[in-house]
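Counting from 1, the numbers follow the sequence of the chain as shown. Everything quoted here is computed from the prediction, not taken from an experiment.
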Amino acid sequence: EIKGLIEEYRKKVPDGIEFTLTNDNSVYINRTINVLRNNALLGMILIFIVLTFFLGLWNSFLASLGIPISFFITFIIMHYFDLSLSNPSLFALVMVLGIVVDDAIIVIENCHRYRLMGYNSIDSAIYGTSEVVNPIISSIATNIAAFLPLMLLPGFLGKFLSIVPIVFSIALVASMFEAFILLPSHYSHWTVKSKTTEKGEKKFFKYLRKIYTRVLIKSLRKRYIILVTMLVVLGLSVSVIPLIGVEMFGDEDFDQMKVMVRFPEGTSIEENDRIMKKIEAEALKLDNNAVQDVIVNIGLLQVPGEWDVRKNVSQIIFQLVPHERRNISTEELVNRMRKKVSHISGPISLEVEELTNSMPVGKPVSVKVQGKYLDDIKKASLALQDSLKHIKGVYDISDDFPPGKKEIRIIVDEEKAALYGFTTQYVSMNIHYAFEGVEATEYRDGDDEVDVIVQYDKKYRSSIDDVLNLRLTNRIGQTVALRDMVNFEIKRGPTKIKRFDRKRTIFVTGNINKKEISLDKINMRLNEKFPELEDRFPGVTFKIAGQFEEFMNIFADITSLFALSILLIYLILGTQFNSYSQPLVILMTVPFALIGSMFGLVISNNPFSIVSLFGFVALAGIVVNDAIVMIDFINKRRSGSNKSSFKFWRSIVNSGRLRLRPIILTSLTTISGFVPMAFGLGGVSRIWSPLANVILFGLLIATILTLFFIPCLVAILDDIQGNRKKREC
């Protein structure tokens, strides 16, 4: 619409005047959509290849139909509830891509198993589908239970990501409808109604099943050793977090950088403009004409949450050539720009930063320096800034309390004022009325109301003597000159005073080079420095703010919602299995999936962030799916008509053999859906790639746990409950 308006105005204005749409986010949006679309297409291709390899071409075609059908139903529901295809909703569809076929795989694999046993296609569809209805419903419910509470996440991140669990849940419900209603119908009518023998199973899978059976039996015999080993590995994986570092949020490249400049109070607009032209000239000398457009704002500075409009501030926004056409990254351009403008004199602070779509949560380094007296707070903030300058990787260090204009500070001598019958409040009020004016009345000019302000004439309020010669009248009619009861001093005053928790506050801020130091390490260094500074400046306190404070707040929120998700999952599983202990066995896959998640962050060189934490919560609902089906089959074999044949270990081994193919299939298809996004095969997303890595590697380890560790836990549970009296293999 804006571009349409521009075209209209171009026709109306004289030649030589050009309109340009600056900060065109559509370029970034289109790029993100292309990345998500390409990764989704590659994911679908990988999923189809995996299914074909394990199930054959026809069965893989039937299972793959679940993707377009589920998405079609999802789009209809999204349209009905007015949900748009935004960046988060598109990623939700990419994320659910490998999961929506899980239901279809479990159904089609079980139907295929009955076909291999000699049943016709109709009976295979009926028996195969009905046998897995309960575990599939539980799997879908646990996925939704893990994800849906994230809708309650407060703040900016909650608004940004709230659509992800909604779209994710809609797609899962759609996939369940397709797996229970449409897929059995397709299978029964489209599959040739002829007998099939055991020859239909691929030879390599028979060999794989034999190997798995032998390893599983050995694992059951050493189940306690395996349990202790897994606990040790879990502890080691958690200790990896300090090594990989912590960051708030991944940033997508906007192909923009910004220079923010602050001058001494009283700097003229002309001087401001002269310095900004120097900065602009330096930027235009950057590598291979990297700057495409320049936007200069004189007297205007945009800071998080507000606009600063004063003569002594300015900013320049540089629209860079798209990074696809550059041989140098935006980060490197920012570093070069910082060096080029460091020699320019005049500004009291000059910051260069890369513009991204990051959340408005402040800078990586942000400290609240609080106290009672501004002079003490300012000295303490300067001492903190000196300490930060000695930390490698920290730059653009400044505070938000620059010196203001010179002002006359009137100090009332309370004793002298009292002798004349005046209070401090009365003196200050009269000074304010004389020099700032007071609204005496108003008069009407037609429909307008005009305020009448009474104050001294300008020639009587232009010097210090005018202030001191101000005469006040007390209750007995005596007039006294202000100079007889006040002292004064001339010094620079604050431009504004900030308060947090009713305390005067100065923010000390800075940026960091993520290649040299991480968010958690810089804040750990600061916490070590605070006690020393508080000893030097009694009455002044230091507290971490900005990104790290926001990270800890969001971490606490997500942790609380994660606890709610685990409780919901436990209730769902307890209802299905009618047991208190078996849901705990299934939930054991959740913390151990953290091993794979940490490994994924190390491999991809991504720090631990809010988005990766979000991915771990999502992983909690995904990793339990295979364990649910495994436990369900164990229970069915233990409660069958021939109970003696499937007691204890034999039921565990037999269920593992039966569920080997669907477990491997569902895991591989889900992993295949995440592979393009995790490794950037269809384009790299700095926001979503860490989340994809967390789920991919977490699910990879969780699959191994389901095949070996879960059976060991079931055997240990049998030991604890005293149900196993002898081994039956």
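- For Arg262 (side chain) and Ser349 (main-chain N/O), no donor-acceptor pair under 3.5 Å exists by modelled atom type.
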Test salt bridge (charged side-chain N to carboxylate O under 4.0 Å, His left out) applied to Arg336 and Glu332, step by step: CA-CA 6 Å; Arg336 291 188 184 184; Glu332 181 60 30; 3.6 Å; yes

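- Relative orientation of the Phe562 and Phe616 rings is tilted, given thresholds of 30° and 60° on the angle between their planes.
- Residues Met598 and Val602 fail the side-chain proximity criterion, which asks for heavy atoms closer than 4.5 Å.
- In terms of heavy atoms, Leu93 sits closest to Phe75 at CD1-CE2, 3.6 Å.
- Counting heavy atoms from C-beta on, the side chains of Leu46 and Pro676 come closer than 4.5 Å.
- Using a 4.5 Å heavy-atom threshold, the side chains of Val367 and Leu388 count as separate.
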Between Asn511 and Val394, is a side chain to side chain contact (heavy atoms under 4.5 Å, CB included) present by the stated rule, with each step listed? CA-CA 6 Å; Asn511 289 314; Val394 182; over 6 Å; no

May I have the step-by-step check of side chain to side chain contact (heavy atoms under 4.5 Å, CB included) for Ile49 and Ile45, ending in yes or no? CA-CA 6 Å; Ile49 292 172; Ile45 293 171; 4.0 Å; yes

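- Atom CG of Asn527 and atom CD1 of Ile544 lie 5.0 Å apart (nearest 0.5 Å).
- Residue Arg504 comes nearest to Ile377 through the heavy atom pair O-CD1, 3.4 Å, listed as atom of the first residue, atom of the second, then distance.
- Contact record, Leu148 with Ser169: CD1-OG, 3.4 Å, taken as the closest heavy-atom pair.
- Once rounded to the nearest 0.5 Å, the distance linking NZ of Lys503 with OG1 of Thr541 reads 5.0 Å.
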Should Met524 and Glu528 be marked as a side chain to side chain contact (heavy atoms under 4.5 Å, CB included) after you check the CA-CA gap, both sets of side-chain angles, and the distance that decides it? CA-CA 6 Å; Met524 184 172 62; Glu528 293 173 354; 4.1 Å; yes

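- When Gln370, Lys368, Lys543, Arg499 are each tested for a side chain to side chain donor-acceptor pair (under 3.5 Å) with Thr505, only one passes: Gln370.
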I'd like to know whether Lys277 forms a salt bridge (charged side-chain N to carboxylate O under 4.0 Å, His left out) with Asp273, so could you lay out the CA-CA distance, the side-chain angles of the two residues, the decisive distance to 0.1 Å, and finally the verdict. CA-CA 6 Å; Lys277 286 180 179 177; Asp273 183 51; 3.5 Å; yes

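- One finds a salt bridge joining Glu271 and Arg274 here, because a Lys/Arg side-chain nitrogen approaches an Asp/Glu carboxylate oxygen to under 4.0 Å.
- By the 6.0 Å contact criterion, NZ on Lys258 is enclosed, its count of non-hydrogen atoms from other residues, nucleotides or ligands being greater than 12.
- Residues forming a ring-ring contact (aromatic ring centres under 6.0 Å, His included) with Phe72 (at least two apart in sequence, or on another chain): none.
- Residues Lys389 and Asp386 are in side-chain contact: their nearest non-hydrogen atoms beyond the backbone lie under 4.5 Å apart.
- For the pair Met78 and Ser89, the tightest heavy-atom approach, listed with the atom from each and the gap, is CE-CB, 4.3 Å.
- More than 12 heavy atoms of other residues, nucleotides or ligands shown are found within 6.0 angstrom of NE2 on His343.
- When side chains are defined from C-beta on, Lys529 does not count as touching Phe542, because their heavy atoms never get closer than 4.5 Å.
- For Lys340, the NZ atom is densely surrounded, since the number of other residues' heavy atoms within 6.0 Å is greater than 12.
- To the nearest 0.5 Å, atoms CD (Glu282) and CZ (Arg338) are separated by 15.0 Å.
- The minimum heavy-atom distance linking Val313 with Asn272 is given by the pair O-ND2, 3.4 Å.
- Proximity of Leu696 to Phe679: side-chain heavy atoms (C-beta onward) are separated by under 4.5 Å at one or more points.
- Rounding to the nearest 0.5 Å gives a distance of 6.5 Å between CD1 of Ile316 and CE of Met337.
- When all heavy atoms of Gly299 and Ser314 are compared, the pair lying nearest together is N-OG, 3.2 Å.
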Begin with the C-alpha distance, continue with both residues' side-chain angles, and end with the deciding distance and a verdict on side chain to side chain contact (heavy atoms under 4.5 Å, CB included) for Ile170 and Leu83. CA-CA 11 Å; Ile170 292 172; Leu83 300 174; 4.2 Å; yes

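- Taking CD1 from Ile298 and CD from Gln315, the interatomic distance works out to 10.0 Å, rounded to the nearest 0.5 Å.
- Taking CG of Leu526 as the start and CG of Leu384 as the end, the distance is 6.5 Å to the nearest 0.5 Å.
- Pro264 places none of its side-chain heavy atoms less than 4.5 Å from the side chain of Asn312.
- Put simply, the side chain of Ile391 does not reach to within 4.5 Å of the side chain of Val365, judged on heavy atoms.
- Annotation: Phe599, atom CZ; neighbour count of heavy atoms from other residues, nucleotides and ligands within 6.0 Å does not exceed 12.
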